[in-house]
Peer 1: 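Got a structure for you, questions after.
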Amino acid sequence: MAPARMRAVQYDGYGEGAAGLKDVQVPVPSAKKNELLLKLEAASINPVDWKMQKGMLRPLLPRRLPYIPVTDVAGVVVDVGSGVDGFQAGDEVVAMLNPFSGGGFAEYAVASVKLTVKRPPGVSAAEGAGLPIAAGTALQSLRSIGAKLDGTGKPLNVLVTAASGGVGLYAVQLAKLAGLHVTATCGARNMELVRSLGADEVLDYKTAEGASMRSPSGRKYDGVVHCTVGVGWSTFEPLLSATGKLVDITASLSAFLRAALHWVTFARKRLVPLLLWPNKADLEFLVGLLKDGKLKTVVDSRFPLSEASKAWEKSIDGHATGKIIVEMEG
């Protein structure tokens with residue numbers, strides 16, 4: 001049975017960064033039709049969370065203020081709404097909350113059954129909470145290049161930029177599961193980690209070789225999972241194979257315009273902006289890989305909910321290795 005009120009962290013204006021986060025007491029939400037009420041154990045921060053606070057997705061997100069941020073969570077079902085099948089109180093789950101309503105920085109949150117999956121024994125809350133946006137984006141990026149996780153695809157060559165970040169670390173692992181040859185860029189301190197997760201070639205992005213992003217083996221890339229900003233199409237175009245794709249997960253307006261131009265001109269080399277399509281099937285697949293030990297969530301750091309602003313600041317700083325996790329005490 002959930003209490004009437006709960007602790008949460010929210011912001012009520014744009015652009016204040018970590019200083020704009022406020023600890024509050026708010027009513028516990030209730031599960032409506034096809035919803036679950038979760039007692040949260042862990043939440044993971046994604047760059048989109050603080051980009052929303054900066055106002056970069058106005059007027060679409062957030063829908064209204066004040067807003068409790070973060071969508072990627074893990075917890076335990078405490079109540080089920082009408083029309084719910086397959087879940088009951090006590091089930092441990094991973095979920096992606098509705099970004100319009102948010103709610104991850106809180107002791108309780110409401111999740112749709114459409115984006116909630118059971119968390120098997122052996123998969124921790126922190127590991128599960130890291131998955132929805134970051135691993136989902138990595139998976140869909142690789143699929144758009146032509147990778148097949150069932151092992152039936154061609155042995156493509158792929159480049160993963162910012163490979164030690166949240167999306168990048170999942171992309172390296174998933175690319176290897178798909179049988180791809182992986183070149184990765186990251187900072188010097190993370191090269192061994194990225195190599196240990198399966199990358200065949202690792203480049204320090206601060207060196208001349210790393211900045212050029214050319215494969216040391218001289219291979220052209222069939223696909224690039226581009227996880228950072230500040231490097232454009234002109235840098236990647238000569239590195240791509242004849243039908244190579246640059247999948248940009250942080251696409252700017254100019255990238256969308258170039259992608260449209262490639263589409264209407266039937267260009268063989270293409271820029272493909274990726275917008276995540278959250279879905280239950282992908283989340284179940286990723287949780288299954290975690291359970292089987294084929295995928296791991298690299299946790300950069302953990303913070304209690306009472307120190308959510310420190311976690312927020314660390315994410316904005318942009319140098320985390322893997323996922324930043326906020327854990328609910330008690």
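FYI, side chains are in, hydrogens and waters are out, and symmetry mates aren't considered; it's all heavy atoms of this structure. What you are looking at is a predicted structure, and each value in this text was computed from that prediction instead of being measured.
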Peer 1: Provide the full list of side-chain hydrogen bond (donor to acceptor under 3.5 Å, both in side chains) pairs with a residue in residues 64-74, sequence neighbours left out, each pair given once.
Peer 2: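 Non-adjacent pairs meeting side-chain hydrogen bond (donor to acceptor under 3.5 Å, both in side chains): Asn46-Asp72.
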Peer 1: Listing request: all salt bridge (Lys or Arg N to Asp or Glu O under 4.0 Å) pairs with a residue in residues 179-191, at least two apart in sequence or in separate chains.
Peer 2: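 Found none.
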Peer 1: How long is the span from the CG atom in Leu159 to the OG atom in Ser215, to the nearest 0.5 Å?
Peer 2: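 Here the rounded value is 8.5 Å.
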Peer 1: Give me the atom names and distance for the closest heavy-atom approach of Leu286 to Gly136.
Peer 2: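 Closest heavy-atom pair between Leu286 and Gly136: CD1-N, 3.7 Å.
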Peer 1: Is Val225 reachable from Leu289 through a run of hydrophobic residues whose side-chain heavy atoms are each under 4.5 Å from the next?
Peer 2: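 They do share one cluster, since a chain of ILVMFWY contacts under 4.5 Å joins Leu289 to Val225.
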Peer 1: What is the minimum heavy-atom distance between Asp204 and Ala188, and which atoms define it?
Peer 2: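 Scanning both residues completely, I find the closest heavy atoms to be OD2-CB, 3.5 Å.
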Peer 1: Answer yes or no: is there a side-chain heavy-atom contact under 4.5 Å between Leu38 and Val77?
Peer 2: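 Answer yes - side chains close enough.
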Peer 1: Got a donor-acceptor contact below 3.5 angstrom from the Asp12 side chain to the Gln10 backbone?
Peer 2: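 Pair absent, no side-chain N/O of Asp12 close to backbone of Gln10.
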Peer 1: Run the side-chain donor-acceptor check on residues 24-34: report pairs under 3.5 Å with partners two or more places apart or on a different chain.
Peer 2:
none

Peer 1: Would you say the side-chain atoms of Asn157 pair up with the backbone N or O of Asp222, donor to acceptor, closer than 3.5 Å?
Peer 2: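 The answer is no, because no donor-acceptor pair under 3.5 Å joins these two groups.
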Peer 1: For residues 167-176, which side-chain donor-acceptor pairs fall under 3.5 Å, sequence neighbours excluded?
Peer 2:
residue: Tyr170; atom: OH; partner: Gly130; partner atom: O; Å: 3.4
residue: Tyr170; atom: OH; partner: Thr297; partner atom: OG1; Å: 2.6
residue: Gln173; atom: OE1; partner: Lys296; partner atom: N; Å: 2.8
residue: Gln173; atom: NE2; partner: Leu169; partner atom: O; Å: 3.1
residue: Gln173; atom: NE2; partner: Lys296; partner atom: O; Å: 3.0
residue: Lys176; atom: NZ; partner: Leu180; partner atom: O; Å: 2.9
residue: Lys176; atom: NZ; partner: Asp200; partner atom: OD1; Å: 3.3
residue: Lys176; atom: NZ; partner: Asp200; partner atom: OD2; Å: 3.0

Peer 1: If we only count heavy atoms from C-beta on, is the Thr161 to Val231 side-chain gap below 4.5 Å?
Peer 2: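 No, their side chains stay 4.5 Å or more apart.
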Peer 1: Over all heavy atoms of both residues, which pair between Lys280 and Val117 is shortest? Give the atoms and the distance, please.
Peer 2: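 In this case the closest contact between Lys280 and Val117 is CG-CG1, 3.8 Å.
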Peer 1: Sorted by first residue and then second, give each salt bridge (Lys or Arg N to Asp or Glu O under 4.0 Å) pair with at least one member in residues 230-259; sequence neighbours left out.
Peer 2: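 For residues 230-259, and leaving out neighbouring residues, the salt bridge (Lys or Arg N to Asp or Glu O under 4.0 Å) pairs sorted by first residue read Glu237-Lys269.
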Peer 1: May I have all residue pairs that pass salt bridge (Lys or Arg N to Asp or Glu O under 4.0 Å) and include part of residues 156-174, sequence neighbours excluded?
Peer 2: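 Residue pairs passing salt bridge (Lys or Arg N to Asp or Glu O under 4.0 Å), neighbours aside: none found.
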Peer 1: With a 4.5 Å limit on heavy-atom distance, are the side chains of Leu283 and Pro132 in contact?
Peer 2: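 Counting from C-beta outward, Leu283 and Pro132 do come under 4.5 Å.
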Peer 1: I'd like to know if the side chain of Thr250 reaches the main chain of Thr228, judged simply by a donor and an acceptor atom lying under 3.5 Å from each other, with no hydrogens or angles considered.
Peer 2: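 Checking the backbone N and O of Thr228 against the side chain of Thr250, a donor-acceptor pair under 3.5 Å is found.
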Peer 1: Stepwise, does the salt bridge (Lys or Arg N to Asp or Glu O under 4.0 Å) test hold for Arg195 with Glu192?
Peer 2: CA-CA 5 Å; Arg195 199 173 278 115; Glu192 280 308 311; 2.6 Å; yes
Peer 1: Answer yes or no: are there more than 12 heavy-atom neighbours, outside Lys22 itself, under 6.0 Å from its atom NZ?
Peer 2: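 Yes, because the 6.0 Å sphere around NZ of Lys22 holds more than 12 heavy atoms from other groups.
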Peer 1: At what distance, to the nearest 0.5 angstrom, does CE of Met328 lie from OG of Ser306?
Peer 2: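 Here the interatomic distance stands at 11.0 Å.
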Peer 1: For atom NZ of Lys54, is the number of surrounding heavy atoms from other residues, nucleotides or ligands below 6.0 Å larger than 12?
Peer 2: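 No, NZ of Lys54 has 12 or fewer neighbouring heavy atoms, counting only those of other groups under 6.0 Å.
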Peer 1: Does one hydrophobic cluster hold both Trp50 and Val229, with members joined at side-chain heavy-atom distances below 4.5 Å?
Peer 2: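 Hydrophobic grouping puts Trp50 apart from Val229.
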Peer 1: Within this structure, what is the CD1-CG distance for the pair Ile145 and Leu156, rounded to the nearest 0.5 Å?
Peer 2: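 The distance works out to 8.0 Å.
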Peer 1: Taking side chain as C-beta onward, heavy atoms only, is Glu201 less than 4.5 Å from Ser217?
Peer 2: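 In contact.
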Peer 1: Is Thr185 reaching over with its side chain to a backbone N or O of Ala162, donor-acceptor style, under 3.5 angstrom?
Peer 2: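 Side chain of Thr185 to backbone of Ala162: a pair is present.
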Peer 1: Side-chain polar contacts of residues 88-111 - donor-acceptor pairs under 3.5 angstrom, sequence neighbours left out - could you list them?
Peer 2:
residue: Asp91; atom: OD2; partner: Gln88; partner atom: N; Å: 2.9
residue: Asn98; atom: OD1; partner: Phe100; partner atom: N; Å: 2.8
residue: Ser101; atom: OG; partner: Asn98; partner atom: O; Å: 3.4
residue: Glu107; atom: OE1; partner: Arg7; partner atom: N; Å: 2.7
residue: Glu107; atom: OE2; partner: Arg7; partner atom: NE; Å: 3.4

Peer 1: Taking side chain as C-beta onward, heavy atoms only, is Ser301 less than 4.5 Å from Lys314?
Peer 2: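 Of all side-chain heavy-atom pairs linking Lys314 with Ser301, at least one is under 4.5 Å.
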Peer 1: Return the minimal non-hydrogen interatomic distance between Val80 and Phe87, and the atom names on each side.
Peer 2: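 The answer is CG1-O, 3.8 Å.
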Peer 1: Are Ile316 and Ile68 linked, directly or through intermediate hydrophobic residues, by side-chain heavy-atom contacts shorter than 4.5 Å (ILVMFWY only)?
Peer 2: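 Cluster IDs for Ile68 and Ile316 match.
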Peer 1: For a quick test of reading the model, state the closest non-hydrogen atom pair linking Met213 to Thr235 and the distance between them.
Peer 2: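 Here Met213 and Thr235 meet closest at CE-CG2, 3.7 Å.
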Peer 1: Is Glu313 close to Asp317 at the side-chain level, that is, under 4.5 Å between some pair of heavy atoms?
Peer 2: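 Asp317 vs Glu313: side chains apart.
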Peer 1: Decide if atom NZ of Lys220 counts as having more than 12 heavy atoms of other residues, nucleotides or ligands within a radius under 6.0 Å.
Peer 2: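 Result for NZ/Lys220: enclosed.
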Peer 1: Quick one, Pro120 and Val287 - any side-chain contact, counting heavy atoms below 4.5 Å?
Peer 2: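 The answer is yes, as the side chains (C-beta and beyond) meet within the 4.5 Å cut-off.
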Peer 1: Examine distances only and state if a side-chain atom of Gln140 and a backbone atom of Trp277 form a donor-acceptor pair shorter than 3.5 Å.
Peer 2: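 Yes, Gln140 side chain to Trp277 backbone: donor-acceptor pair under 3.5 Å.
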Peer 1: Please check if the side chain of Ser315 supplies one atom and the backbone of Trp312 the other of a donor-acceptor pair under 3.5 Å.
Peer 2: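 No; zero donor-acceptor contacts below 3.5 Å.
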Peer 1: Asn279 side chain to Asp282 main-chain N or O, any donor-acceptor pair under 3.5 Å?
Peer 2: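 Pair found, side chain donor or acceptor close to backbone of Asp282.
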Peer 1: Got a list of side-chain donor-acceptor pairs under 3.5 Å for residues 122-129, not counting sequence neighbours?
Peer 2:
residue: Ser124; atom: OG; partner: Glu127; partner atom: N; Å: 3.1
residue: Ser124; atom: OG; partner: Glu127; partner atom: OE1; Å: 3.2
residue: Glu127; atom: OE1; partner: Ser124; partner atom: N; Å: 2.8

Peer 1: Could you go through Leu275 and Phe256, starting from their C-alpha distance and side-chain angles, then the distance that decides it, and tell me whether this counts as side-chain contact (heavy atoms from CB on, under 4.5 Å)?
Peer 2: CA-CA 11 Å; Leu275 297 174; Phe256 278 97; 4.3 Å; yes
Peer 1: Under 4.5 Å between side-chain heavy atoms, counting indirect links through other Ile/Leu/Val/Met/Phe/Trp/Tyr residues: same cluster for Val48 and Ile45 or not?
Peer 2: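 Val48 clusters together with Ile45.
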Peer 1: Tyr205: what forms a ring-ring contact (aromatic ring centres under 6.0 Å, His included) with it, not counting sequence neighbours?
Peer 2: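 With sequence neighbours excluded, Tyr205 shows a ring-ring contact (aromatic ring centres under 6.0 Å, His included) to no residue whatsoever.
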Peer 1: Taking only residues at least two apart or on different chains, which pairs with a member in residues 40-50 satisfy salt bridge (Lys or Arg N to Asp or Glu O under 4.0 Å)?
Peer 2: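 Sorted pair list: Glu41-Arg119.
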Peer 1: Please list every donor-acceptor pair under 3.5 Å in which a side-chain atom of residues 260-268 meets a protein atom from a residue at least two apart or in another chain.
Peer 2:
residue: His262; atom: ND1; partner: Leu271; partner atom: N; Å: 3.0
residue: Thr265; atom: OG1; partner: Leu261; partner atom: O; Å: 2.7
residue: Thr265; atom: OG1; partner: His262; partner atom: O; Å: 3.4

Peer 1: In Å, rounded to the nearest 0.5 Å, how long is the span from NZ of Lys323 to CG of Leu131?
Peer 2: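 It is 9.0 Å, given to the nearest 0.5 Å.
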Peer 1: Sub-3.5 Å donor-acceptor pair from the side chain of His226 to the main-chain atoms of Trp233, do we have one?
Peer 2: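 Checked: no pair found.
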Peer 1: Going hydrophobic residue to hydrophobic residue with side-chain gaps under 4.5 angstrom, can you get from Val272 over to Tyr221?
Peer 2: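 Val272 and Tyr221: separate clusters.
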Peer 1: Please give me the minimum heavy-atom distance between Ala320 and Asp300, naming the atom from each residue.
Peer 2: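 Where Ala320 meets Asp300 most closely, the heavy atoms are CA-OD2, 3.4 Å.
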Peer 1: By the ring pair (Phe, Tyr, Trp, His ring centres under 6.0 Å) test, which pairs, at least two apart or in different chains, include something from residues 131-155?
Peer 2: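 Listed by first then second residue: nothing to list.
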Peer 1: Can you tell me how far the CD1 atom of Ile249 sits from the OG1 atom of Thr137, to the nearest 0.5 Å?
Peer 2: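 That separation rounds to 6.0 Å.
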